[in-house]
Structures are given as C-alpha cells and as structure tokens.
Amino acid sequence: MTHHHLTEEAQPSLTSTRQLTLRFSGTRRGARLARRLAVQQFTEWTGLPYDSHAARAVALVTAELASNAVRHGTLPGRDFRLTLHLLPDRFRVEVTDTRPERLPPPVTPQPADETSGRGLLLVEAYADRWGRTVRDAYTKTVWAEVRLRTMGS
C-alpha cells in the first residue's frame, strides 16, 4: 500500500516530460472543464485508456482540487490555474488559486451525517502524494500525484 501524506513541496522532483498550463473560470463549469481536460491529456500523453484505474484517479483528484479552488480558493472574478505534468513514473495535477490564506485543512474522517468535507479524503485515497505550497502573498497551489501503473498493477 502506498503511503499518502500532505507535504509542502510544490516542484516535481524529476523533470516533466510534458507540461500543460491553462486558466479556468472560478465556476463549477470551470472545474468541470479542468477535470475533462486533465483526463484527456492524461490518456493522450500516457496511452492508457479512459477507464483505467490511473485515469479515474486523475479525474477524481482533478475534480476535487478544482472544486475546492472554486469553492474555497477564488475571489469573485478570479480564475484558477491548472497545470499538468507528465513525469517518468507519475502524473501530477496542480491547481493554483487566489486565496493563499485558505490552506487545506488536515484530513480527518467526517461523521457519516456530514454532507461535505470528504473531498481531501478522496484525494488522499486516490493520489500517491499530495500537498500544498504558498509561494507569494497572492496564490497557493494544491497538487496531487498519481503513479503510472502498468496494466497488471
């Protein structure tokens, strides 16, 4: 089982073989488009099918990070940025928003009757690593990495 943890590191430890960065509106539609683009790029760059475990993990992780950026991280009229990195052994999703003072809370199990608050639990479950970085007074980046697995994994 892979150890999941929150870390402050933002730069990939290895050089990206491919990278794409786009801005999306800070709306639910923007979050939905970010998820769809991430999965499309993942399947195009890796050759893995849409229904692979890794593609589903990329979809879920991107959806949660983008949704959190829209809900908790953007100011009215501000966009969020999605950056995708294909690394030799993993795919990295980074979502940058305009609320550096609103860091993700520690991940703790939620009571069964709670209607929200489980998104980062899902990120932790599906990502091999995730974390956040604040580099300046204007933005923060929350990122997650999904390991590229062979078909038998």
Side-chain angles (χ1 to χ4, degrees), residues 1-100 102-104 107 116 118-136 138-153:
M1 174 167 210
T2 305
H3 176 66
H4 306 286
H5 63 283
L6 175 66
T7 166
E8 296 281 338
E9 174 196 352
Q11 290 298 316
S13 58
L14 299 173
T15 304
S16 297
T17 59
R18 293 189 180 179
Q19 178 181 332
L20 176 68
T21 300
L22 291 170
R23 287 173 41 160
F24 293 90
S25 65
T27 63
R28 292 186 316 192
R29 181 174 186 265
R32 187 172 57 251
L33 291 172
R35 175 187 53 81
R36 294 180 79 181
L37 175 82
V39 174
Q40 174 65 34
Q41 284 303 132
F42 175 82
T43 59
E44 185 177 314
W45 288 348
T46 64
L48 293 172
Y50 281 99
D51 63 348
S52 68
H53 172 76
R56 286 186 292 231
V58 166
L60 187 136
V61 164
T62 305
E64 290 301 329
L65 296 184
S67 175
N68 284 348
V70 168
R71 178 175 283 158
H72 306 292
T74 58
L75 297 168
R78 297 284 176 98
D79 298 337
F80 68 92
R81 182 175 65 225
L82 173 71
T83 302
L84 307 172
H85 297 272
L86 178 62
L87 301 163
D89 63 342
R90 60 194 180 278
F91 188 79
R92 184 179 177 103
V93 176
E94 297 178 354
V95 175
T96 302
D97 65 46
T98 56
R99 298 293 301 271
R102 298 194 73 183
L103 295 175
V107 176
S116 65
R118 293 184 180 86
L120 291 176
L121 284 170
L122 293 172
V123 170
E124 189 162 288
Y126 282 87
D128 290 285
R129 291 186 339 138
W130 75 280
R132 84 256 192 230
T133 294
V134 176
R135 290 200 182 136
D136 56 44
Y138 309 104
T139 62
K140 78 168 173 299
T141 299
V142 182
W143 56 268
E145 295 177 348
V146 174
R147 189 159 308 279
L148 303 178
R149 292 174 174 87
T150 60
M151 297 302 279
S153 297

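The minimum heavy-atom distance linking A66 with V95 is given by the pair N-CG2, 4.1 Å. Between D128 and R147, the closest heavy-atom pair is OD2-N, 2.7 Å. Summarising the geometry of L148 relative to L86, their closest heavy-atom pair is CD1-CD1, 3.9 Å, with the distance given to 0.1 Å. Between R28 and V70 the shortest heavy-atom distance is N-CG1, 4.1 Å. Residues F91 and A38 share a closest heavy-atom pair of CZ-O, 4.0 Å.
In this structure, CD in Q40 is found 11.0 Å from CH2 in W45, a value given to the nearest 0.5 Å. Taken to the nearest 0.5 Å, the OG atom of S67 stands 11.5 Å off from the CZ atom of R32. Rounded to the nearest 0.5 Å, atoms CG (L65) and CZ (R35) are 13.0 Å apart.
A 4.5 Å side-chain heavy-atom check between N68 and V142 finds every atom pair outside the cut-off.
Taking the salt bridge (Lys or Arg N to Asp or Glu O under 4.0 Å) definition, one finds that R29 meets it with nothing, sequence neighbours left out. Remark: E44 engages no residue in a side chain to side chain donor-acceptor pair (under 3.5 Å) (not counting sequence neighbours). T62 is linked by a side chain to side chain donor-acceptor pair (under 3.5 Å) to nothing, counting only residues two or more places apart in sequence or in another chain. Contacts of A54 classified as side chain to side chain contact (heavy atoms under 4.5 Å, CB included), with partners at least two apart in sequence or in another chain: F42, L48, S52, V146. Residues satisfying the side chain to side chain donor-acceptor pair (under 3.5 Å) test with R36, not counting sequence neighbours, are none. Under the rule for a side chain to side chain contact (heavy atoms under 4.5 Å, CB included), the partners of T43 that lie at least two apart in sequence or sit in another chain are V39, Y50, A55.
No donor-acceptor distance shorter than 3.5 angstrom exists from the side chain of T133 to the backbone of T141, with no hydrogens or angles considered.
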- Can you check side chain to side chain contact (heavy atoms under 4.5 Å, CB included) on L84 and V93, steps first, answer last? CA-CA 5 Å; L84 307 172; V93 176; 4.1 Å; yes
- Task: Take R90 and H85 through the side chain to side chain contact (heavy atoms under 4.5 Å, CB included) test and state the conclusion after the steps.
- Result: CA-CA 8 Å; R90 60 194 180 278; H85 297 272; over 6 Å; no
- In sequence, state the C-alpha distance, the side-chain angles, and the governing distance for D51 and R56, and then conclude on salt bridge (charged side-chain N to carboxylate O under 4.0 Å, His left out). CA-CA 6 Å; D51 63 348; R56 286 186 292 231; 5.8 Å; no
- side chain to side chain contact (heavy atoms under 4.5 Å, CB included) between V134 and R132, worked out: CA-CA 7 Å; V134 176; R132 84 256 192 230; 5.5 Å; no
Acceptor/donor pairs from residues 18-25 side chains to any protein atom, 3.5 angstrom cut, sequence neighbours excluded:
| from | atom 1 | to | atom 2 | distance (Å) |
| --- | --- | --- | --- | --- |
| T21 | OG1 | T83 | OG1 | 3.1 |
| R23 | NH2 | D79 | OD2 | 3.0 |
| S25 | OG | T27 | OG1 | 2.8 |

